[in-house]
Amino acid sequence: MTIDLDLRASYGAFVDNEFQPIEGATFPALDAGTGEHLADVARCGSREVDAAVAAAAAAFPAWRATPAEDRAAMLLRLADAVERNQSRLALLDARDVGRTVTETALDHRFAINQYRYFAAAAVTHEGWARPIPNGYLVAKREPYGVCGQIIPWNVPGIMAAFKIAPAVAAGNTVVLKPDENASLSTLELARLIADVFPPGVVNIVPGLGEEAGAALTAHPGVAKLAFTGSSEVGRTVSAAGARRLVPVSLELGGKSPNIVFPDADRIDAVVDNAAFAAMYCNGQSCLAGTRLFVHDDVYDTVVDKLVAGFRRVRVGPATDPTTGLSGLVSEEQGRKVLGYIDKGVSEGATLLTGGGRVEVAGHEHGHFIEPTIFEARNDMTIAQEEIFGPVLSVIRWDDYETMIAEANGVRYGLAAGLYTSSLRNAMETADRLEAGSVWINSYFNLASGAPFGGFKESGIGSEYCHETLNMYTHLKSVTVQNEPGDPFFLPAGD
Ligand code: NAD
């Protein structure tokens with residue numbers, strides 16, 4: 001079946017539920033594999049950001065007063081609309097970003113679940129109250145107002161849902177900037193949003209980071225910033241928030257350990273997990289399990305199976321459902337990944353498989369890299385820095401304390417995986433790992449509601465869970481006396 005992408009020729013800023021005429025420059029959105037021109041996208045700047053923030057500010061009073069049940073109903077309608085458009089949005093992301101259509105379909109499944117999860121959360125997000133002498137103490141949650149949100153290119157469907165769903169569920173309005181490498185599915189989501197939310201509740205300003213992104217983070221009308229991307233830009237966004245003293249939540253990079261213990265059951269499943277952890281998203285995932293610590297006793301078995309598995313992966317076009325691994329998002333990303341591979345070799349890591357570029361006929365614009373495995377040490381650059389490509393470092397271990405120190409021995413702390421048949425070992429090791437998410441015996445096990453956020457330089461705050469609504473609300477206390485009494489009441493104590 002052929003899917004009609006139904007794209008507009010060009011996309012301006014989406015403000016008040018309409019695409020605005022483009023007054024300034026544009027940039028082209030190209031098919032990452034073939035280079036085919038898909039659409040032109042506005043390079044928004046302070047003029048468009050001003051208009052979007054004004055629309056979001058105007059929509060805020062009515063939106064915060066909208067009953068949570070009604071906000072929830074709209075989120076459910078958005079989930080249904082995304083579900084009806086899932087194949088189209090998945091194909092669009094596969095072409096725009098270059099990831100396999102099988103994976104991008106999963107992205108939108110995650111997104112649908114997010115809209116539904118936060119529909120439920122909207123009506124169950126409660127404050128509390130307790131009686132005090134002659135009255136009540138009430139703690140209530142209030143939305144901030146206009147939220148400025150910035151997302152990266154790697155999983156655009158998931159990222160848009162992670163940002164929009166909790167913000168609007170909590171009664172905020174939104175101005176969101178998608179990434180310049182992956183704007184189209186978010187702009188197409190805007191068309192679905194226009195049928196669901198009142199004008200101004202969700203506004204989208206595509207453009208470059210240093211233009212639209214910088215204008216959004218500096219805007220005096222923005223009451224809360226939420227950012228997902230690299231730790232480097234996270235610092236810039238955090239500094240912009242600090243200048244204006246607005247809260248900033250950050251979801252940043254990762255270099256996650258994945259640990260195989262000698263008592264792990266089902267070694268074939270462990271190997272599948274290790275491969276998926278490294279290759280999902282073509283390795284362009286903040287959560288990628290890029291450092292595989294394998295115990296000496298099972299090292300040869302695991303590594304032999306892993307290498308054989310990597311060699312079997314079919315590298316091909318993103319749009320082919322039989323493709324195992326497709327191309328990277330851009331030429332810049334391709335160069336960066338090959339640069340890390342060179343660095344691994346020059347620092348003395350042993351290349352076990354892969355390491356080169358792959359040409360895919362008809363997709364010469366794409367940047368396809370062989371699934372790559374190094375035998376490495378944890379102090380090597382390839383084991384310390386986020387590569388964002390299908391490159392796995394395998395690290396041999398035999399001493400538990402040394403392995404734990406190395407697993408924690410990076411600046412990041414986003415996720416970790418471990419495989420063992422001992423419950424006690426699993427739980428004790430989970431306690432020792434400096435990571436926001438620990439997966440025992442199954443990587444990427446993201447059940448809805450699992451708090452998702454980083455330790456150390458991987459971020460501040462948690463998304464994907466009920467507590468996310470706390471990040472999008474002030475906590476206000478209201479103290480009630482039944483009649484005017486003495487000021488400054490304090491219990492006397494003993
Ligand atoms: P990036 O930091 O380069 O860009 C992210 C976003 O920030 C883009 O929209 C970009 O336009 C914008 N931006 C860039 N400069 C800006 C500035 N000066 N002011 C405001 N905005 C600016 O990251 P990327 O390369 O697009 O994405 C990859 C990174 O994102 C990786 O480090 C990855 O680990 C991280 N990531 C983290 C998570 C998570 O949830 N922790 C999820 C996905 C990606």
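All heavy atoms count here, side chains included; hydrogens, waters and symmetry mates do not. One-based numbering, in listed order, for ligands and for the atoms of each.
Inclusion of Glu386 in the set of residues having an N or O under 3.5 Å from an N or O of ligand 1 is warranted. Where the criterion is an N or O separation shorter than 3.5 Å, residue side chain and backbone included, Lys177 meets it with respect to ligand 1. The shortest N/O to N/O separation between Asn154 and ligand 1 does not fall below 3.5 Å.
When only modelled atom types and interatomic distance are considered, Tyr340 and Glu385 share a side-chain donor-acceptor pair under 3.5 Å. Using modelled atom types, one finds a donor on one side chain and an acceptor on the other under 3.5 Å when comparing Lys224 with Ser249. Residues Glu347 and Thr381 bring a donor and an acceptor atom of their side chains to less than 3.5 Å of each other. Between the side chains of His108 and Asp93, at least one donor-acceptor pair of N or O atoms lies under 3.5 Å. In this structure, a donor-acceptor pair under 3.5 Å is absent between the side chains of Tyr115 and Asp80. With 3.5 Å as the limit, one finds no donor-acceptor pair spanning the side chains of Asp31 and His37. Between the side chains of Tyr11 and Glu188, at least one donor N or O sits under 3.5 Å from an acceptor N or O. Residues Asn378 and Arg291 bring a donor and an acceptor atom of their side chains to less than 3.5 Å of each other. Counted by atom type alone, Ser185 and Asp96 present zero donor-acceptor pairs between their side chains at under 3.5 Å.
Under a cut-off of 6.0 angstrom, the local environment of CD in Glu364 is crowded, with over 12 non-hydrogen atoms contributed by other residues, nucleotides or ligands.
Relative orientation of the Phe110 and Tyr464 rings is tilted, given thresholds of 30° and 60° on the angle between their planes.
A distance-only check finds a donor-acceptor pair linking the side chain of His367 to the backbone of Glu331 [under 3.5 Å].
Using a 4.0 Å cutoff on heavy atoms, Gly459 does not count as a contact of ligand 1. For the pair Phe162 and ligand 1, no heavy-atom separation below 4.0 Å is found.
Looking at Val155 against ligand 1, nothing comes within 4.0 Å, counting heavy atoms. Contacts with ligand 1 closer than 4.0 Å are made by side-chain heavy atoms of Val233 only, the backbone lying farther away. Here Glu232 has no heavy atoms under 4.0 Å from ligand 1, in either its backbone or its side chain. Residue-level proximity to ligand 1 for Glu463 is absent, since no heavy atom of it falls below 4.0 angstrom. Neither the backbone nor the side chain of Leu216 comes within 4.0 Å of ligand 1, counting heavy atoms alone.
With respect to atom 24 (P) of ligand 1, the closest heavy atom belonging to the protein is Trp153 NE1, 3.5 Å. Here the heavy atom of the protein found nearest to atom 38 (C) of ligand 1 is Cys286 SG, 3.0 Å. Ranking protein heavy atoms by distance to atom 7 (O) of ligand 1, first place goes to Phe227 CE1, 3.2 Å. Taking atom 20 (C) of ligand 1 as the reference point, the nearest protein heavy-atom neighbour is Gly213 C, 3.4 Å. With respect to atom 23 (O) of ligand 1, the closest heavy atom belonging to the protein is Ser230 N, 3.4 Å. In terms of protein heavy atoms, atom 27 (O) of ligand 1 is closest to Pro152 CB, 3.3 Å. Here the heavy atom of the protein found nearest to atom 28 (C) of ligand 1 is Phe388 CE2, 3.5 Å. Annotation: atom 37 (C) of ligand 1 to nearest protein heavy atom, Leu252 O, 3.0 Å.
The cationic atom of Arg71 (NZ for Lys, CZ for Arg) does not lie both less than 6.0 Å from the six-membered ring centre of Phe197 and within 45° of the ring axis.
Short contacts between ligand 1 and Ile151, defined as distances under 4.0 Å to a heavy atom of the residue, involve ligand atoms 6 (C), 8 (C), 9 (O). Atoms of ligand 1 lying under 4.0 Å from any heavy atom of Leu414, numbered from 1 in the order shown and given with element: 41 (N). Interface of Ile150 with ligand 1, defined as ligand atoms under 4.0 Å from a residue heavy atom, comprises 6 (C), 7 (O), 9 (O), 12 (C), 20 (C), 21 (N). Annotation for ligand 1: atoms under 4.0 Å from non-hydrogen atoms of Phe452 are 40 (O). Atom numbering of ligand 1 starts at 1 in the shown order; those under 4.0 Å from a heavy atom of Glu180 are 10 (C), 11 (O).
Using a cutoff of 4.0 Å between basic side-chain nitrogens and carboxylate oxygens, Lys163 and Glu463 are scored as salt-bridged.
Considering only non-hydrogen atoms, atom 19 (N) of ligand 1 lies nearest to Gly209 out of Gly253, Ser458, Gly209.
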